[in-house]
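Shown next, in structure tokens, is the structure this report addresses.
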Amino acid sequence: MARNMRFDGILIAHLGNQNGPNPEQENRLKYVQEALKAGWHVCVEVIFYQGSFLLPFDGGFNVAQPGFFSNQRVWSKCQDGETIDALCNIGAHSFLVNDAGPTLTSAQFVWTPAPRELSARSIAYLPESSPGWLEQYEPAGLCSDFPMQYV
């Protein structure tokens, strides 16, 4: 669990989580929309398959309309080139997952997994996985399962 630490940058609710993981709801369209309505940015996992954008979750998926991704508070995490290409074609904020290190988002932020060095344009991905990581940096934002812990 994240410790309480005020953060003034971009706060992103990972898979719609606002105060901790919720595997039964994560990445489901309704859950993510609730986080958006609460004022959060959200990070969603997306697959483009047979002309549709899908939000996969344990045991299924929700179809999301292209307009959902036009909200610049939606950060779309892609696993393959076809998906990121389709999202870029509609002007969505997206990036290709790179487990080996940082990756550039379509909005020119650097999506950075813990515990790598952060820059002023970095989005620290899951800072709770590396206690103390944020203490030495001032990234542009963070994506957490616990964004409530940072307000």
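Of all the heavy atoms in P139 and F7, the pair that sits closest is O-CZ, 3.5 Å. Considering every non-hydrogen atom in both E45 and P56, the closest pair reads O-CD, 3.3 Å. The shortest heavy-atom contact between A35 and G16 is CB-O, 3.7 Å. Across all their heavy atoms, F68 and Q33 have their closest contact at CE1-CG, 4.2 Å. Nearest heavy-atom pair, S119 versus S122, reported as atom, atom and distance to 0.1 Å: N-OG, 2.7 Å. The shortest non-hydrogen separation linking R28 to N62 is CA-OD1, 3.3 Å.
Open room surrounds CD on E138; 12 or fewer heavy atoms of other groups in view lie less than 6.0 Å from it. Within a 6.0 Å radius of CG in N89, more than 12 heavy atoms belonging to other residues, nucleotides or ligands are found.
Using a 4.5 Å heavy-atom cutoff, the side chains of Y150 and L134 are in contact. Two residues are said to be in side-chain contact when any heavy atoms from C-beta on lie closer than 4.5 Å; L142 and L11 meet this criterion. With contacts defined as side-chain heavy-atom distances shorter than 4.5 Å, the pair V46/L54 does not qualify. Using a 4.5 Å heavy-atom threshold, the side chains of N98 and P102 count as separate. Using a 4.5 Å heavy-atom threshold, the side chains of S94 and F69 count as separate. Contact check for Y49 versus E82: no side-chain heavy atoms found under the 4.5 Å cut-off.
Atom CE in M5 sits 10.5 Å away from atom OG in S144 (nearest 0.5 Å). The distance from atom CG of L96 to atom OG of S106, rounded to the nearest 0.5 Å, is 11.5 Å. With values rounded to the nearest 0.5 angstrom, I90 atom CD1 is found 10.0 Å from Q65 atom CD. Between the CD atom of Q136 and the CD atom of E117 there is a distance of 8.5 Å, given to the nearest 0.5 Å. Distance check, rounded to the nearest 0.5 Å: OG of S52 to CD1 of I47 gives 12.0 Å. Rounding to the nearest 0.5 Å places CG of D58 at 11.5 Å from CG of N27.
Partners of W111 by side-chain hydrogen bond (donor to acceptor under 3.5 Å, both in side chains), not counting sequence neighbours: none found.
The hydrophobic clustering, which links ILVMFWY residues whose side-chain heavy atoms are closer than 4.5 Å, places F48 and L29 together. Note on F109 and L118: separate hydrophobic clusters, where clusters join Ile, Leu, Val, Met, Phe, Trp and Tyr whose side-chain heavy atoms are under 4.5 Å apart, directly or indirectly. Under the 4.5 Å side-chain heavy-atom criterion for Ile, Leu, Val, Met, Phe, Trp and Tyr, F57 and Y31 are members of distinct hydrophobic clusters. Cluster membership for F146 and I12, using ILVMFWY side-chain heavy atoms within less than 4.5 angstrom, is not shared. Both V32 and L87 are assigned to one and the same hydrophobic cluster, defined by single-linkage of ILVMFWY side chains at heavy-atom distances under 4.5 Å.
Side chain of E128 to main chain of D145: a donor-acceptor pair is present (N/O by atom type, distance under 3.5 Å, no hydrogens or angles). Looking only at distances, no side-chain donor or acceptor of T83 sits under 3.5 Å from a matching main-chain atom of C78. Of the possible polar contacts, one joining the R73 side chain to the W40 backbone as a donor-acceptor pair under 3.5 Å is found.
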Working note: I123 + T105, criterion side-chain contact (heavy atoms from CB on, under 4.5 Å); need CA distance, chi angles, decisive distance, verdict. CA-CA 10 Å; I123 302 296; T105 74; 5.6 Å; no
Exercise for the section: Go through the steps for Y125 and H14 under the test side-chain contact (heavy atoms from CB on, under 4.5 Å), then give the verdict. Expected result: CA-CA 9 Å; Y125 178 60; H14 180 242; 3.2 Å; yes
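Using cut-offs of 30° and 60° for the angle between ring planes, the H93 and W75 rings count as tilted.
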